[in-house]
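All remarks here apply to the structure that follows.
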Amino acid sequence: MLHITGTARCISDLHLCPERADLAARFFNFLAATGEADVAALFILGDLFDAWIGDDDLDEPFNAKVCGELRKLADQGTPLYFLAGNRDFLIGEDFAAATGARLLPETMKVGAGGTATLLLHGDTLCTDDVDYQRFRTQVRDAAWQARFLSRPLAERRAEARSLRERSRQATRAKSMEIMDVNVASVRATLLAAGCRHMIHGHTHRPGCEHLTLDDGIAERWVLSDWDNGRGDALEIDANSIRRLDLSR
Ligand code: MN
């Protein structure tokens with residue numbers, strides 16, 4: 001467990017890309033405000049980028065700009081943590097070195113005071129989406145990743161574009177229920193971690209849901225994506241979790 005003294009912030013699902021200067025501008029404002037707010041840590045819970053094709057693309061101007069802004073915050077003394085989403089799971093140690101962020105495993109238990117909160121991207125909870133879970137297993141495989149990373153950047157960029165298009169089509173064809181979290185998976189994940197609070201993104205369905213565990217009530221907080229005039233952060237401290245509106 002990672003101990004936090006003070007207030008930590010969590011964000012996810014910004015889906016930054018060069019075509020959306022507006023999103024990047026809102027993100028940079030948020031980073032500047034976070035630097036001034038004296039927060040104990042910033043946790044990025046995946047899908048910071050709409051696509052990340054490998055750390056050897058760090059010099060691409062848009063990537064370099066985003067990483068530079070993250071670096072500024074880290075250099076000001078705000079601890080920065082990154083947990084991978086389904087769009088940027090190829091982020092690696094070179095990204096970490098460039099930004100000053102520490103890379104987290106798929107789930108991370110964070111403690112502020114007596115409360116332990118489990119942080120994760122959220123895609124692992126969507127177990128009803130069997131096609132997606134099969135795809136996830138494939139692309140998280142080390143041999144698959146090594147093969148992908150050995151291809152030229154231009155080829156990977158084209159492949160990422162075509163994957164996004166296929167994912168958009170698949171998303172349209174699937175029901176809302178299939179693409180949401182499976183409640184049994186949420187319960188099992190909380191029980192395995194020994195937590196009563198969970199924060200994740202991925203589903204783009206911001207909210208706070210109460211659910212019963214064997215021995216009481218648990219809370220599942222969901223972060224918003226930043227598109228369509230939306231955007232938020234969740235703040236954790238010793239006593240509470242609360243939502244910050246970042247939609248403008
Ligand atoms: Mn996602």
Side-chain angles (χ1 to χ4, degrees), residues 9-20 23-24 26-27 30 42-54 63 66 70 81-92 95 101 103-108 117-141 144-145 148 156 159-183 185-186 189 198-209 220-234 243 246-247:
R9 286 183 174 176
C10 304
I11 53 171
S12 73
D13 300 280
L14 287 83
H15 293 271
L16 299 178
C17 59
E19 296 76 27
R20 293 294 305 272
L23 291 179
R26 270 163 65 202
F27 178 53
F30 167 74
L42 174 63
F43 293 94
I44 301 172
L45 304 185
D47 291 0
L48 171 64
F49 293 97
D50 200 40
W52 188 263
I53 57 175
N63 292 341
V66 172
L70 288 167
Y81 297 91
F82 178 82
L83 189 154
N86 54 304
R87 301 302 194 95
D88 47 17
F89 56 85
L90 286 174
I91 276 180
F95 171 91
L103 303 184
L104 296 177
E106 278 178 26
T107 60
M108 190 69 212
T117 302
L118 191 67
L119 308 181
L120 66 169
H121 180 58
D123 56 331
T124 50
L125 304 170
C126 300
T127 47
D128 292 334
D129 193 343
V130 177
D131 289 343
Y132 170 71
Q133 294 301 335
R134 197 179 299 130
F135 171 78
R136 188 181 193 280
T137 303
Q138 181 193 26
V139 300
R140 294 290 185 124
D141 175 67
W144 185 93
Q145 293 191 0
F148 184 78
R156 278 182 264 159
E159 174 72 14
R161 237 192 322 269
S162 115
L163 277 174
R164 279 202 302 278
E165 186 46 42
R166 267 179 277 165
S167 150
R168 257 192 292 275
Q169 283 167 7
T171 300
R172 272 196 291 270
K174 284 175 196 168
S175 75
M176 290 293 274
E177 288 72 32
I178 279 180
M179 289 187 297
D180 203 354
V181 298
N182 173 293
V183 179
S185 297
V186 171
T189 303
M198 165 187 279
I199 293 178
H200 69 81
H202 180 67
T203 60
H204 301 194
R205 295 177 209 195
C208 173
E209 176 191 78
R220 178 174 72 90
W221 289 76
V222 186
L223 285 155
S224 172
D225 56 299
W226 285 41
D227 203 359
N228 301 314
R230 305 204 298 180
D232 63 13
L234 288 169
R243 196 176 296 274
L246 301 174
S247 58

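Note that ligands are numbered from 1 as they come in the structure, with each ligand's atoms numbered from 1 the same way. Please read these numbers as outputs of a predicted model, since none were measured by experiment.
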Between D88 and D47 (side chain of the first, backbone of the second, donor and acceptor by atom type, cut-off under 3.5 Å), is there such a pair? yes
Partner set under ring-ring contact (aromatic ring centres under 6.0 Å, His included) for F27, not counting sequence neighbours: none
Only counting residues at least two apart or in another chain, list the ones meeting salt bridge (charged side-chain N to carboxylate O under 4.0 Å, His left out) with R166. E159
Should the ring pair W144 and F89 be called parallel, tilted or perpendicular, given that the plane angle runs from 0 to 90° and is split at 30 and 60? tilted
What lies under 2.8 Å from the Mn ion (ligand 1), restricted to protein N/O/S atoms, is D47 OD2, N86 OD1, H121 NE2, H202 ND1
Are E19 and R164 close enough for a salt bridge, meaning some N to O gap below 4.0 Å? no
Suppose we screen for salt bridge (charged side-chain N to carboxylate O under 4.0 Å, His left out). Which residues come up paired with D128, at least two apart in sequence or across chains? none
